[in-house]
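Numbers for residues simply follow the sequence, beginning at 1. Computation of the quantities below employed the complete heavy-atom set of this structure, encompassing side-chain atoms and omitting hydrogens, waters and symmetry-equivalent molecules.
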Amino acid sequence: TKRMYPASTTKMLTAITAIENITDLSHVVEISEHAAGRNHSAFRFYKGDQISLLDLLKASLISSHNNATIALAEYVAGSEEEFVKMMNEKAKEIGATNTYFQNTNGLDSEFLLHKSTAQDLAVIARYCLGDPLFRAIVNSPNDTITVNEEETDLRNTNRLLSFPYIKGIKTGYTANAGFCIVVYSDKGDLDLITVILNSTAENRESDVIMLTDYINQNFAYHHLVEKNAKAETIQVGNANMVHVDIFPESDYVDLLNISEDTVELKHHLREDIVLPVEKNQPLGTISVYLNGQEAVELPLVSRESVSAPRVDQYLSSHREEQDRKIVFFLFGFYFFIFISIMIKNLFFRKRFYV
């Protein structure tokens, strides 16, 4: 959370602000005098150069072209200063509240208040990865752009793209910032964002690999709560008890240290549950404790409606049916005896008269 110089990792926020405010990236623009020059970039722009907005975006993110960000800003907002205001508003909107930028490219020799934090840059990176175009560009080791109808090759400044599980995002360097990098990796089943600030040319990439390997070897995602797994069956009602299955309202997945984290689940049920129970009605909560500390509390709900039972009516109908059977049995039994007696008497009289 320490506020530090971010160098060209600034361009993540520049790019996403431009993407969200440009309707036609194929549109060709003309490089202004303010956006011309080398400006510590891999190649220079000249005033009047013709280039598409998409190629400006590629130049900004792949080869980290500083003037390309200025040209994008001027097209979107009329000036770099107005565009930077949009960037700072976007940062606050997405939760990067300790970020304040003064330009679009991260050059800081004249902009000493241009700072962010490792945490904020991770927040910005996660937001940017939600855009398919951004994801595709930062994951491109090489590409080409067209300036004045002539192709120019781009080579990504992120050397870690040679690792198959590294999928971007952005490098940076200034004398004030040191060597910086924000990396997205998807090794194993872990999607990670790693941020390195104020490193050295020798250690920047090796620190990313070291941290990524450490996380993959020691941490794993665990489904601590699954919404389709029954949490408990409760009895509701007084004289006539009804069983109701209750489930977590949603899943809960957490990244845990495989060897250290202790997980405990606790159910807390309401004491005022009466019938009928409505579908998705909250009936209590389930709390997840990690190492003795509550991490999250989720509602426990019923997945179906449960009406008050009509047990008395059922028993009454069942009793009436039993009574009818008994009456029919007795009637048949006594009728059989009566017929038997009548036959016996007739037979006896016949014998007597004979």
Side-chain angles (χ1 to χ4, degrees), residues 93-97 119-120 122-132 134-135 165 167 184-194 212 214-319:
E93 176 189 324
I94 64 178
T97 55
Q119 184 180 63
D120 274 12
V123 170
I124 293 169
R126 181 175 59 186
Y127 180 83
C128 291
L129 287 169
D131 184 86
F134 181 94
R135 289 177 73 106
Y165 57 89
K167 304 298 174 65
Y184 168 63
S185 63
D186 63 357
K187 190 175 185 179
D189 64 346
L190 300 183
D191 294 341
L192 304 177
I193 294 173
T194 306
T212 303
Y214 174 79
I215 293 295
N216 279 274
Q217 292 166 9
N218 292 277
F219 288 79
Y221 283 115
H222 291 269
H223 284 78
L224 302 180
V225 176
E226 297 186 36
K227 64 180 180 180
N228 292 325
K230 181 176 67 176
E232 196 171 334
T233 298
I234 61 175
Q235 291 184 326
V236 183
N238 296 318
N240 303 312
M241 307 295 289
V242 175
H243 292 86
V244 179
D245 294 334
I246 57 175
F247 297 80
E249 187 177 55
S250 60
D251 294 325
Y252 179 68
V253 181
D254 208 344
L255 183 66
L256 303 183
N257 189 312
I258 297 171
S259 60
E260 297 179 4
D261 287 314
T262 301
V263 180
E264 184 181 6
L265 304 179
K266 293 183 180 180
H267 298 168
H268 309 280
L269 301 178
R270 287 172 44 185
E271 298 180 356
D272 59 345
I273 303 173
V274 295
L275 295 173
V277 173
E278 301 296 330
K279 183 178 180 180
N280 295 324
Q281 177 181 333
L283 302 177
T285 60
I286 180 171
S287 296
V288 179
Y289 289 84
L290 299 178
N291 300 320
Q293 299 293 319
E294 187 176 50
V296 69
E297 183 181 80
L298 302 171
L300 289 172
V301 300
S302 170
R303 288 291 173 80
E304 57 184 4
S305 299
V306 181
S307 303
R310 301 183 64 84
V311 178
D312 290 338
Q313 180 180 354
Y314 170 78
L315 290 176
S316 175
S317 300
H318 187 64
R319 185 65 174 271

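Within the model, atoms NE2 of His222 and CD1 of Ile258 stand 6.0 Å from one another, a figure rounded to the nearest 0.5 Å. Taking CG from Leu290 and CG from Asn257, the interatomic distance works out to 11.0 Å, rounded to the nearest 0.5 Å. Note that CG of Leu300 and CD1 of Ile246 are 4.5 Å apart. Values are rounded to the nearest 0.5 Å. Separation of atoms CD (Glu249) and NZ (Lys227) is listed at 10.0 Å; rounding is to 0.5 Å. Remark: Ser307 OG to Glu278 CD distance equals 8.0 Å, nearest 0.5 Å. Put simply, CD1 on Ile286 and OH on Tyr252 are 12.0 Å apart, with the number rounded to the nearest 0.5 Å.
Applying the 6.0 Å contact sphere to CD of Glu93 captures more than 12 heavy atoms from other residues, nucleotides or ligands.
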**OP:** Applying side-chain contact (heavy atoms from CB on, under 4.5 Å), run through Val263 and Leu256 and close with a yes or a no.
**Re:** CA-CA 9 Å; Val263 180; Leu256 303 183; 3.7 Å; yes
Subject >> Worked check of side-chain contact (heavy atoms from CB on, under 4.5 Å) between Glu232 and Leu269 >> reply: CA-CA 10 Å; Glu232 196 171 334; Leu269 301 178; 3.6 Å; yes
Subject >> Full working for side-chain contact (heavy atoms from CB on, under 4.5 Å) between Val123 and Thr97 >> reply: CA-CA 10 Å; Val123 170; Thr97 55; over 6 Å; no
**OP:** Take Thr285 and His268 through the side-chain contact (heavy atoms from CB on, under 4.5 Å) test and state the conclusion after the steps.
**Re:** CA-CA 5 Å; Thr285 60; His268 309 280; 3.5 Å; yes
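A donor-acceptor pair under 3.5 Å is absent between the side-chain atoms of Ser287 and the main chain of Glu297, judged by distance alone. Counting only distance, with no hydrogens or angles, the side chain of Arg270 and the backbone of Leu283 share no donor-acceptor pair below 3.5 Å. The backbone N or O of Asp191 sits nowhere less than 3.5 Å from a side-chain atom of Asp186 that would complete a donor-acceptor pair. For Asp245 (side chain) and Thr233 (main-chain N/O), no donor-acceptor pair under 3.5 Å exists by modelled atom type. Side-chain atoms of Arg303 never come within 3.5 Å of backbone atoms of Lys230 as a donor-acceptor pair (strictly under, hydrogens ignored).
The salt bridge (charged side-chain N to carboxylate O under 4.0 Å, His left out) search around Lys187 returns Asp213, not counting sequence neighbours. Among residues two or more places apart in sequence or in another chain, the ring pair (Phe, Tyr, Trp, His ring centres under 6.0 Å) test is passed with Tyr221 by none.
Annotation: side chain of Val277 is not in contact with side chain of Val242 (no heavy-atom distance under 4.5 Å).
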